[in-house]
Amino acid sequence: MGASVISNTTKWKEFLTRYYKNQIGQLAVSEAKNKALVIEFPHINRFDVRLAEELMASPDAVLAHAEEALSYVDLPVKKEIAARVRVVRVPQKTQIRDLRSADVNRLIAVEGTVRKITDVRPRIIEAAFECARCKNVTIIPQEGAGKFIEPTYCSCNEEKKGVFRLLYKESRFEDYQRIKIQESPDELKGGEQPQTLDINVSDDLAGLVTPGEHITVNGVLRSAQKVNRDGKTAYFDIYMDGNAIELEEQEYDEVEITPEDEEEILRLAKDPHVYDKIVGSIAPSIYGYEEVKEAIAHQLFSGVVKTLPDGTRIRGDIHVLLVGDPGIAKSQILRYVVKLAPRGVYASGKSASSAGLTAAAVKDEFDGQWTLEAGALVLADKGVAAIDEMDKMKNEDRSSLHEGMESQTISVAKAGILATLKCRCAILGAANPKLGRFDEFGSVSEQINMPPSLISRFDLIFILVDRPEERKDANIAGHILKSHYAGELNEHRKNITTSHVSEDSVKKAMMVIQPEIEPKMLRKYVAYAKRKVFPIMSQEARDRIIGFYLNMRKQSEGENASIAITARQLEGLVRISEASARMRLSDRVEPEDVDRTIRIVTTSLRQVGIDKETGKLDIDVLTVGVAKSQRERIKSLKHIIEELAREHDGAVPVEAVIDRAAEAGMTKDKVEKELKKLKEIGEIYEPKAGHVNLS
């Protein structure tokens, strides 16, 4: 098709007058520096199919006509309009890996995740040069040249090369930025690596996106000749000149809620069973685990972030850890939550390094400078980061999570860059016990291969034990098979044209795994709650939390008592209570919210914070990794070794220690276990085989 067969200024004036007169009127009176008119492709298609086809085939010429036609549209205000025309909702999206030479210079749409962005910088588009001899000014357009073009001769002397000075004031600049997008891994085949595409954006599009966002870019595909040491080659690289950017996946703040959605949300909030409905809408294909789903529901809504007058920030995000036997759908739950949260990032501990979780310093291929590439926690800012297999992470990688969980920032000091990145995300972790399965009689902290300092930063920890129990097993088996049956029917109907499966039977089978609230609606409900609901705690609720805290602390009074709860758990109680009120879209935290929170927190503490020897709650089991009773035992053992060292003049036989400890009521295996721990932490050493002494 030859350029400008149908497209011309008159045609575009007619189109713009019919569809976009109001928007152009608003642009005319707008004070914005970079003006842009956003046009929807379906409107062009409805107006004239041939014009739409020509826009796809020759976008440069057609968009130039559209921008020129803007100034001819009759408006009530007499004002010259100069604006960019941005085309959105281009119907067919092309995968980055499917881009071919036939697509060059055509209008295409690609989608992907933003991997890297450069800083927004000015780029010259019209350079004004002044001749040093005659002061004559020459203007040279620089658009699309890539290289800077300078004049060689001036009209005052055609034979002699001129000397020119660039006039900054008379030249025209635009804001410019380069974005690198990477295709989404969902569409890839087994061994394929996600491909990337560089995109140039300017004016109002510069500075619009941040790494981690899922976007669709509409623009013109360009090619540039590759150059190597020997000069120009026959191969070309492709890049894109962006015309419009559409955000696909948004933060809670940006999720669009229409008036109809708002009506539906408020109707849901009035339902007395809304709480159960929300919990029932989390991973409905997984049977049971009500207490875990309840905790995750609170995590999605989160507490209120508070900034105090002295600048202190108190986090509102709730961190949850699931520890359990293999094969009980922990990873399934994690993946479902990542899909539900507007900014969900999934990482597996075994393959995640500290740089991958926090931030990596990389040499920028755009200009050779060192830049920071955001890791999983930073990409999940204002969302949820799900970290699977946390027990398999290396210790130094795990320590990078400490700061991210408590202060919700990531401090980086790498390659001459000192920076603090924000990672205001809730962490949902999953881990397996050290020996594969839980020993119900052993200490929890010893069975989770994670440092106590990290475990204690989780607000809620759940131990999921796989116990055979006929009635429960029958329900789980029935639920799993019904889910599979529904999936089988659906796939059969979808893939076989002559399928005997009716739509009704698919719908009926799907009822089992149908969430009470659709994921899309639930996401909007959560977004609405986080945006509009900031609950305040009522006096009764405050009293109830204080009562529970004091009651738990009272158990810890006395010389030899263990500490049951600390201020860190108290903050967790407040956060979860606020999240509970947000679920009802209530502006007040009521006593019922606190009761629910106390039930959840107590369930969690009873699973992980009990000293198996005394049967009492001991928070030190979590926070320090050593229960009060164990600490006392270690103290006694050190005392025994000290006494025996005087008797034996140095090295003490282990047998003698065991005999003396037996008199104090300690069993042989406990003594051996504590001696091993003391050796690990360097409190005692072994001067010769079978003998110990204090370090």
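Just the heavy atoms: all of them, side chains too, but no hydrogens, waters or symmetry mates, feed the values below.
The CG atom of D388 sits 9.0 Å away from atom CG of L428, with the distance rounded to the nearest 0.5 Å. To the nearest 0.5 Å, atoms CD1 (I179) and CG (L205) are separated by 7.5 Å. Taken from NZ in K306 to CZ in R575, the straight-line distance is 7.5 Å, to the nearest 0.5 Å. S407 contributes atom OG, which lies 13.5 Å from atom CD1 of I314 (distance to the nearest 0.5 angstrom). The CD atom of E592 sits 10.0 Å away from the OH atom of Y275 when rounded to the nearest 0.5 Å. In this structure, S302 OG and H319 NE2 are separated by 10.5 Å, a value rounded to the nearest 0.5 Å.
Residue Q195 comes nearest to R97 through the heavy atom pair OE1-CA, 3.5 Å, listed as atom of the first residue, atom of the second, then distance. Residues A529 and L585 approach most closely at CB-CD2, 3.6 Å, considering heavy atoms. When all heavy atoms are compared, the tightest approach of Q299 to I427 is NE2-O, 3.0 Å. Across every non-hydrogen atom of V589 and M537, the tightest pair is CB-CA, 3.7 Å. Here the shortest heavy-atom pairing between G429 and M390 reads CA-SD, 3.6 Å. Between V533 and R582 the shortest heavy-atom distance is O-NE, 2.9 Å.
The shortest side-chain heavy-atom distance between I387 and L401 falls under the 4.5 Å cut-off. Residues I199 and R178 form no side-chain contact, since every pair of their non-hydrogen atoms from C-beta on lies 4.5 Å or further apart. For the pair F458 and V320, the minimum side-chain heavy-atom distance is 4.5 Å or more. Counting heavy atoms from C-beta outward, T113 and K180 have side chains that stay 4.5 Å or more apart. Residues I546 and L570 form no side-chain contact, since every pair of their non-hydrogen atoms from C-beta on lies 4.5 Å or further apart. A heavy-atom distance below 4.5 Å is found between the side chains of L300 and L340. The closest side-chain heavy-atom distance from Q95 to E111 is not below 4.5 Å. Side-chain atoms of L322 and L334, non-hydrogen and from C-beta on, do get closer than 4.5 Å to each other.
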(request) Evaluate the salt bridge (Lys or Arg N to Asp or Glu O under 4.0 Å) criterion for residues D271 and R584: first the C-alpha distance (whole Å), next the side-chain angles of each, then the deciding distance (0.1 Å), finally the verdict. (result) CA-CA 9 Å; D271 187 335; R584 298 179 289 109; over 6 Å; no
(request) Step by step, work out the side-chain hydrogen bond (donor to acceptor under 3.5 Å, both in side chains) result for D119 and Q177. (result) CA-CA 6 Å; D119 297 337; Q177 183 183 35; over 6 Å; no
(request) Report the C-alpha separation of R588 and E590 in whole Å, then their side-chain angles, then the decisive distance to 0.1 Å, and conclude whether the salt bridge (Lys or Arg N to Asp or Glu O under 4.0 Å) test is met. (result) CA-CA 6 Å; R588 273 169 69 82; E590 302 291 354; 3.2 Å; yes
(request) Walk me through it: do R424 and V305 pass the test side-chain contact (heavy atoms from CB on, under 4.5 Å)? (result) CA-CA 10 Å; R424 296 156 296 186; V305 182; over 6 Å; no
(request) Go through the steps to decide whether E389 and N432 satisfy the test side-chain hydrogen bond (donor to acceptor under 3.5 Å, both in side chains), and finish with yes or no. (result) CA-CA 7 Å; E389 312 222 10; N432 286 342; 5.3 Å; no
(request) Start with the C-alpha gap between V274 and I278, add the side-chain angles, then the distance that decides, and say whether side-chain contact (heavy atoms from CB on, under 4.5 Å) holds. (result) CA-CA 6 Å; V274 66; I278 291 168; 4.0 Å; yes
(request) Please test V201 against I245 for side-chain contact (heavy atoms from CB on, under 4.5 Å), starting from the C-alpha separation and ending with a verdict. (result) CA-CA 9 Å; V201 291; I245 292 175; 4.1 Å; yes
(message) If you apply the rule side-chain hydrogen bond (donor to acceptor under 3.5 Å, both in side chains), what do you find for Q539 with R542, and how did you get there?
(response) CA-CA 5 Å; Q539 189 58 49; R542 267 211 304 274; 2.5 Å; yes
(request) Using the side-chain contact (heavy atoms from CB on, under 4.5 Å) rule, take L573 and F548 through it: C-alpha gap first, then chi angles, then the decisive distance, then the call. (result) CA-CA 10 Å; L573 283 166; F548 171 73; 3.7 Å; yes
(message) Show, in sequence, the C-alpha distance, side-chain angles and deciding distance for E174 and R84, and conclude whether the salt bridge (Lys or Arg N to Asp or Glu O under 4.0 Å) test is met.
(response) CA-CA 12 Å; E174 66 177 358; R84 290 290 184 100; 3.2 Å; yes
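Look at K293 and E290 and you find no salt bridge, because none of the NZ, NE, NH1 or NH2 atoms lies under 4.0 Å from a carboxylate O.
Remark: the Y176 side chain and the N200 side chain contain an N/O donor-acceptor pair separated by less than 3.5 Å.
For E262, the CD atom is densely surrounded, since the number of other residues' heavy atoms within 6.0 Å is greater than 12. Summarising the local packing, CD1 of I536 is surrounded by 12 or fewer heavy atoms from other residues, nucleotides or ligands at distances under 6.0 Å.
Take Y346 and apply the ring pair (Phe, Tyr, Trp, His ring centres under 6.0 Å) test, not counting sequence neighbours, and it matches no residue.
Checking side-chain atoms of Y525 against main-chain N and O of M583 turns up a donor-acceptor pair under 3.5 Å. Between the side chain of T603 and the backbone N or O of R599, at least one donor-acceptor pair lies under 3.5 Å. A donor-acceptor contact shorter than 3.5 Å links the side chain of N218 to the backbone of V87. For the pair D543 (side chain) and E540 (backbone), a donor-acceptor distance under 3.5 Å is absent.
With D593 as reference, S580 is the one residue of P535, S580, S538 to meet the side chain to side chain contact (heavy atoms under 4.5 Å, CB included) rule.
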